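One structure below.
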Amino acid sequence: QRHRWVSLFVLAALDCWADATSECPPLAQPRCFDEEFTCERCCDTRAIPVGDLSCWLGDVTFATCCGVTNLRFQASMLVPAADHLYVPATCPPAAQANCFDKYFPCERCCDTRRGAQGDMACWPDSTAV
């Protein structure tokens, strides 16, 4: 029940660009973008869910730059702690690196010990699937 509420909270926050738009998300990080790699271009999810792949390199990722990490931090405050998971999880081979960042790595987000869909704070759109 609480996980569903968290998902709905994050979905509401994402609503302004969840409809696959080329507009810059309100929580995007301006320091990630320049004249060539604009927020509107890089965060455009109309083609694929992680924006324009040519924009992302190293720590410059869709999750961090387009505001998903900020939403994940907000949602993580509402999800029960999982401090009891001392042994790290393994990232699935098919995971897309651009979905994760240093704060919410694949091993955390895809850890099914945190729930059937992994860490719910990582999946702001999981109820829409």
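Just so we're clear, the structure is a prediction, and the values are computed from it rather than from any experiment.
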Heavy-atom side-chain proximity of [X] to [Y] below 4.5 angstrom:
{"X": "Glu40", "Y": "Asp44", "result": "no"}
{"X": "Lys102", "Y": "Thr64", "result": "no"}
{"X": "Cys55", "Y": "Val60", "result": "no"}

Practice problem: Can you run down the side chain to side chain donor-acceptor pair (under 3.5 Å) pairs that involve residues 47-59, sequence neighbours left out, and say none if there aren't any? | Solution: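 Only Arg41-Asp52, Arg41-Ser54, Asp52-Ser54 qualify under side chain to side chain donor-acceptor pair (under 3.5 Å).
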
Self-check item: Heavy-atom pair of closest approach, residues Asp111 and Glu107
Solution: CB-O, 3.3 Å

Quiz item: Which atom pair, heavy atoms only, marks the closest approach of Arg72 to Ala63?
Solution: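 Looks like NH1-CB, 3.8 Å.
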
How far does [atom1] of [X] sit from [atom2] of [Y], to the nearest 0.5 angstrom?
{"X": "Gln29", "Y": "Asn70", "atom1": "CD", "atom2": "CG", "answer": "5.0 Å"}
{"X": "Thr61", "Y": "Phe104", "atom1": "OG1", "atom2": "CZ", "answer": "12.0 Å"}
{"X": "Thr69", "Y": "Asp101", "atom1": "OG1", "atom2": "CG", "answer": "3.5 Å"}

Exercise. Please state whether the sulfur gamma atoms of Cys32 and Cys42 sit closer than 2.5 Å to each other.
Key: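 Disulfide absent: SG-SG distance not under 2.5 Å.
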
Quiz item: If you measure SG to SG, does Cys39 sit under 2.5 Å from Cys24?
Solution: yes

Self-check item: Counterpart residues, disulfide bond (SG atoms under 2.5 Å apart), relative to Cys110 (two or more places apart)
Solution: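 Disulfide bond (SG atoms under 2.5 Å apart) list for Cys110, sorted by chain: empty.
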
Quiz item: Are Phe62 and Leu53 co-members of a hydrophobic cluster defined by side-chain heavy atoms under 4.5 Å apart?
Solution: yes

Practice problem: Check the surroundings of atom CZ in Phe73: do more than 12 heavy atoms from other residues, nucleotides or ligands lie under 6.0 Å from it? | Solution: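 More than 12 heavy atoms, drawn from other residues, nucleotides or ligands, come within 6.0 Å of this atom.
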
